[in-house]
Amino acid sequence: MSGRDHDLHEIREAVAKLCATFPMEYWRATDRERRYPTEFVRALTEAGWLSCLIPEEYGGAGLPLAAAAAVLEEIQRSGANGAACHAQMYTMGTVLRHCNEAQKRKYLPKIATGELRLQAFGVTEPSAGTDTSSIRTSAARKGDRWVVNGQKVWTSRAEHSDLMLLLARTAPRDAAKRTEGMSVFLVEMKAALNKGLSIRPIRTMINHATTEVFFENLEIPAENLVGEEGKGFRYIIDGMNAERILIGAECIGDAKWFLAKATAYANERKVFDRPIGQNQGVQFPIARAHMATEAAALMVERAAALYDAGKPCGPEANMAKQLAAEASWQAGDMCLQTHGGFGFAEEYDIERKFRETRLYQIAPISTNLVLCYIAEHVLHLPRSY
């Protein structure tokens, strides 16, 4: 697989073909059993899709973010759940732009082959939430090591990842320079487990494999510092923008799945001797959800194009995630309503996807924070927080 050899249409077809080998019963079972979809993640890895952003010189495909967005959209559109592995794509924004050559050569080839998984993004903390500048997890330099103490929460896939991209404070918080004094580290999790690192799973309303992670005098080699000490916040912004764009693409995929499901049912289901889709009360919500989805898809496409061109894309990435999340939730609610009681039945898969897509109203950034960002940085209204 090469960035020169694939266009988005070919990528979508190939991913759809792979996803078709995992029937809906597979996803019902993993959801029911709260089991990590190891077989699906392995298949994506072996096909090269999880390494699509890694440059060819390190064993990847060297594809742009727009291609990664197409992969994740198609996964969701098939009825699967890309949240099991999407972090390996969006953390690449930080790794590719800010890791040094030695770090890239050490880790990227093994990530590309699947020998290592980079699935954990350690940023959020219980007391800080979306106020990243208030994190308390600290890293102190001691000789040729960094010693980490603190806690992260909502660190998804920590139990299924070999590497974590970790944000920690390396200097006290300065109220005047809130985003300074934080640094990024690559943590080798398997080696650290039970040697200063412990993981506690959090059971949630969806099968998301999310956890709390605790650090107690965890030692990290000095060479695992990413970039310059104290500049970590600006480094993870690349990862956050990529994350929001890719989550937006996943939401578009969800929305298209809901639309296809609702449209098919509205054509087939007959009540009072006529298909329910003949009724405007059923038609109009489907049409509105379709329009919202198409509009949000354009914003995701625009944000990805800016990111791939190396241009500032904060507003577009935030708007893409928000509009796409709203479109997928609108489509999900419409699909459930269209199916009536059958929508609550496990065998229709709607209730699972309904729960899964609801997450993106909250994560990876809440609705209110997106609105605050747009108000302040785009519309130049007074800062509200």
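Here the structure is a predicted model, which is why all the values come from computation and not from measurement. Nothing fancy with the numbering, it's 1 onward along the sequence.
Just one residue in the list Glu223, Glu115, Glu188 forms a salt bridge (charged side-chain N to carboxylate O under 4.0 Å, His left out) with Lys106, and that residue is Glu188. With Glu346 as reference, Arg32 is the one residue of Lys353, Arg355, Arg32, Arg28 to meet the salt bridge (charged side-chain N to carboxylate O under 4.0 Å, His left out) rule.
How far CD of Glu250 is from NE2 of His86: 5.5 Å, rounded to the nearest 0.5 Å. Note that the CG atom of Leu371 and the CD1 atom of Ile365 stand 9.5 Å from one another [nearest 0.5 Å]. From Ile199, atom CD1 reaches atom CG of Leu193 across 5.0 Å, with rounding to the nearest 0.5 Å. Of the inter-residue distances, the one linking Thr155 atom OG1 with Leu166 atom CG reads 8.5 Å to the nearest 0.5 angstrom. With rounding to the nearest 0.5 Å, the separation of CD1 in Ile206 from CD in Glu356 is 6.5 Å. Considering CD1 of Ile247 and CD of Gln76, their distance stands at 8.5 Å, rounded to 0.5 Å.
Within a 6.0 Å radius of CH2 in Trp154, no more than 12 heavy atoms belonging to other residues, nucleotides or ligands are found. When the shell of 6.0 Å around CD of Gln330 is examined, it contains more than 12 heavy atoms from other residues, nucleotides or ligands.
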* I would like to know whether Arg35 and Asn207 meet side chain to side chain donor-acceptor pair (under 3.5 Å); could you show each step before the answer? => CA-CA 7 Å; Arg35 176 165 56 87; Asn207 181 31; over 6 Å; no
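The aromatic rings of His339 and Tyr348 sit perpendicular to each other, their planes meeting at more than 60°, with 30° as the lower class boundary.
Between Lys190 and Asp162, at least one side-chain nitrogen of the basic residue sits less than 4.0 Å from a carboxylate oxygen of the acidic one, meeting the salt-bridge criterion. A salt bridge between Glu219 and Lys195 is absent, with no side-chain N of the basic residue lying under 4.0 Å from a carboxylate O of the acidic one. The residues Glu125 and Arg169 are annotated as not salt-bridged, no charged nitrogen and carboxylate oxygen being separated by less than 4.0 angstrom. Between Arg173 and Glu180 no salt bridge is recorded (no basic side-chain N to carboxylate O distance below 4.0 Å). Between Arg352 and Asp31 there is no salt bridge, since no side-chain N of the basic residue sits under 4.0 Å from a carboxylate O of the acidic one.
Between Trp329 and Phe354, the gap from one ring centroid to the other is short of 6.0 Å.
Nearest approach of Ile220 to Leu186, heavy atoms of both residues: CG2-O, 4.0 Å.
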